[in-house]
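Shown next, in structure tokens, is the structure this report addresses.
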Amino acid sequence: MTPHTPEQSQLGKASAYADQYDASLLFPLARAGKRAEIGITAAPAFFGADLWTAFELSWLNLRGKPQVALAHITVPCETPNIIESKSFKLYLNSFNNTRFADAAEVQARIRADVSEAAWRGAAHPATVGVKLLLPDMFDREPVHELDGLNLDRLDVECTQYQPAPELLTAQFNEAPVNEVLVSHLLKSNCLVTGQPDWGSVQIAYSGPQIDQEGLLQYIVSFRNHNEFHEQCVERIFMDIWTRCKPIKLTVYARYTRRGGLDINPLRTSHPQALPRNIRTARQ
């Protein structure tokens with residue numbers, strides 16, 4: 001099967017509103033091409049997942065009464081494909097006037113469809129994670145900022161607005177450290193439409209101490225860069241991993257929602273439990 005390209009997606013195009021269930025709306029995009037650009041041609045140096053939140057999920061019960069829920073969808077980074085976000089929105093819209101027996105049926109349908117798209121072409125396909133939160137659980141959803149030392153406190157001069165890994169340096173001749181650093185100044189643009197994507201990023205590492213001013217300037221350097229969320233986080237991970245040579249590294253970004261969806265990629269050098277999908281104030 002010929003891989004889809006971003007230009008073939010519905011991004012930037014007028015789209016018909018399908019309000020009857022249609023799994024074919026999901027549009028997978030292969031991860032391999034963009035990974036090759038950052039030097040990943042075999043097994044990646046990281047583990048992780050893309051944590052999605054769907055804020056606009058609705059369907060009809062068997063009596064035609066609308067139901068609403070939030071959905072948390074976890075797509076492992078081992079999947080050969082990402083799901084293009086506008087296609088995901090169109091897919092979820094297709095539930096709006098479709099009758100389902102209950103929330104469990106909706107959950108099972110989303111899991112099956114997204115799993116098929118994300119794992120399409122894999123030798124050993126698996127599943128994605130799907131959790132639905134019904135209205136009686138909405139009040140339990142917290143808002144919390146990423147923990148860590150805020151890099152944005154630094155008064156740095158910023159002159160580069162395309163990814164500049166040469167800004168990354170570390171103290172290789174000093175004792176290693178453990179740090180968790182955060183910035184709210186991450187901005188990139190959609191690969192196809194050029195529309196802005198806003199996010200916060202958390203970088204946790206053990207190893208040679210990373211120069212914080214250079215790291216903040218590096219994060220800012222994504223400001224005019226066109227790439228999907230998942231690809232930006234993998235680029236950040238690989239640039240830090242290659243240039244600063246940490247012993248352990250985790251990069252976690254939370255992007256503001258668009259079209260009722262947010263995407264929050266996490267990439268880590270070592271297996272660990274995924275963080276709770278807790279939104280930040282801007283999300």
Side-chain angles (χ1 to χ4, degrees), residues 38 45-46 48-53 77 142-171 176-191 194-258 262-269 272 274-283:
I38 55 174
F46 48 72
D50 306 321
L51 309 179
W52 294 70
T53 312
C77 74
V143 173
H144 183 74
E145 296 305 306
L146 294 171
D147 295 320
L149 179 63
N150 188 0
L151 291 171
D152 305 342
R153 75 190 192 285
L154 301 172
D155 184 20
V156 299
E157 181 179 10
C158 299
T159 60
Q160 299 194 61
Y161 302 109
Q162 291 290 344
E166 65 274 13
L167 294 168
L168 295 168
T169 60
Q171 300 298 324
V177 300
N178 298 295
E179 287 190 320
V180 180
L181 307 172
V182 171
S183 174
H184 305 292
L185 303 186
L186 178 61
K187 174 194 169 289
S188 52
N189 301 321
C190 173
L191 179 64
Q195 293 298 304
D197 294 323
W198 306 93
S200 298
V201 61
Q202 179 189 68
I203 296 163
Y205 75 96
S206 302
Q209 186 166 35
I210 298 172
D211 177 72
Q212 293 183 9
E213 291 193 2
L215 178 58
L216 179 58
Q217 291 169 322
Y218 168 74
I219 292 168
V220 170
S221 76
F222 278 75
R223 192 166 184 84
N224 293 339
H225 179 60
N226 293 357
E227 213 165 36
F228 292 138
H229 303 357
E230 302 93 329
Q231 298 160 351
C232 285
V233 169
E234 293 186 358
R235 185 179 294 274
I236 292 170
F237 180 98
M238 291 303 297
D239 283 345
I240 296 174
W241 186 252
T242 301
R243 299 188 70 89
C244 299
K245 304 187 185 309
I247 301 166
K248 292 183 177 181
L249 174 64
T250 300
V251 178
Y252 181 33
R254 294 201 64 91
Y255 281 88
T256 59
R257 76 183 79 164
R258 183 187 290 175
D262 66 31
I263 312 171
N264 309 287
L266 179 139
R267 300 293 183 267
T268 179
S269 61
Q272 60 176 289
L274 292 173
R276 290 183 60 199
N277 198 350
I278 298 175
R279 70 183 179 93
T280 65
R282 290 196 297 168
Q283 294 183 296

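Just so you know, residue 1 is the first one in the sequence shown, and it goes up from there.
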Within-4.5 Å side-chain heavy-atom neighbours: [X] and [Y]:
X	Y	answer
Ser200	His184	yes
Arg279	Arg254	yes
Arg243	Glu166	yes
Gln283	Asn264	yes
Val201	Leu185	no
Phe46	Val251	no
Ser183	Val220	no
Phe228	Cys190	yes

- What pairs meet the salt bridge (charged side-chain N to carboxylate O under 4.0 Å, His left out) rule with one or both residues in residues 195-223, with sequence neighbours excluded?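 Passing the test, one end in residues 195-223: Asp197-Arg258.
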- Query: Is there a donor-acceptor pair under 3.5 Å between the side chain of Gln160 and the backbone N or O of Tyr218?
  - Reply: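 No, Gln160 side chain to Tyr218 backbone: no donor-acceptor pair under 3.5 Å.
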query: Ignoring hydrogens and geometry, is there a side-chain-to-backbone donor-acceptor pair from Ser269 to Leu249 under 3.5 Å?
result: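 At least one qualifying donor-acceptor pair exists.
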Taking side chain to side chain contact (heavy atoms under 4.5 Å, CB included) as the test, write out the residues that go with [X], two or more places apart.
X	answer
Ser206	Asn178, Lys248
Thr256	Trp198, Arg282
Glu179	Val177, Leu181, Tyr205, Gln209, Gln212
Gln162	Asn224, His225

Roughly how far, to the nearest 0.5 Å, is [atom2] of [Y] from [atom1] of [X]?
X	Y	atom1	atom2	answer
Ile236	Gln231	CD1	CD	12.0 Å
Asp50	Glu230	CG	CD	4.5 Å
Thr250	Arg267	OG1	CZ	11.5 Å
Leu167	Leu216	CG	CG	10.0 Å
Gln202	Leu151	CD	CG	11.0 Å
Ile240	Ile203	CD1	CD1	4.0 Å

- Item | Geometric class of the Trp241/Phe237 ring pair [parallel <30°, tilted 30-60°, perpendicular >60°] |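 Correct class here is parallel.
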Minimum heavy-atom separation for [X] and [Y], please, with both atom names.
X	Y	answer
Gln171	Pro208	O-CB, 3.6 Å
Asp262	Tyr255	CB-O, 3.4 Å
Cys244	Thr169	SG-O, 4.0 Å

*asked:* Surrounding CZ of Arg276 (heavy atoms of other residues, nucleotides or ligands, distance under 6.0 Å), is the total greater than 12?
replied: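 Counting neighbours around CZ of Arg276, 12 or fewer heavy atoms of other residues, nucleotides or ligands fall under 6.0 Å, so no.
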Using residues 142-149 as the side-chain source, report each donor-acceptor pair under 3.5 Å to any protein atom, sequence neighbours left out, with the distance given to one decimal.
unit_1 : atom_1 : unit_2 : atom_2 : d
His144 : NE2    : Asp147 : OD1    : 2.9
Glu145 : OE2    : Ala281 : N      : 2.8

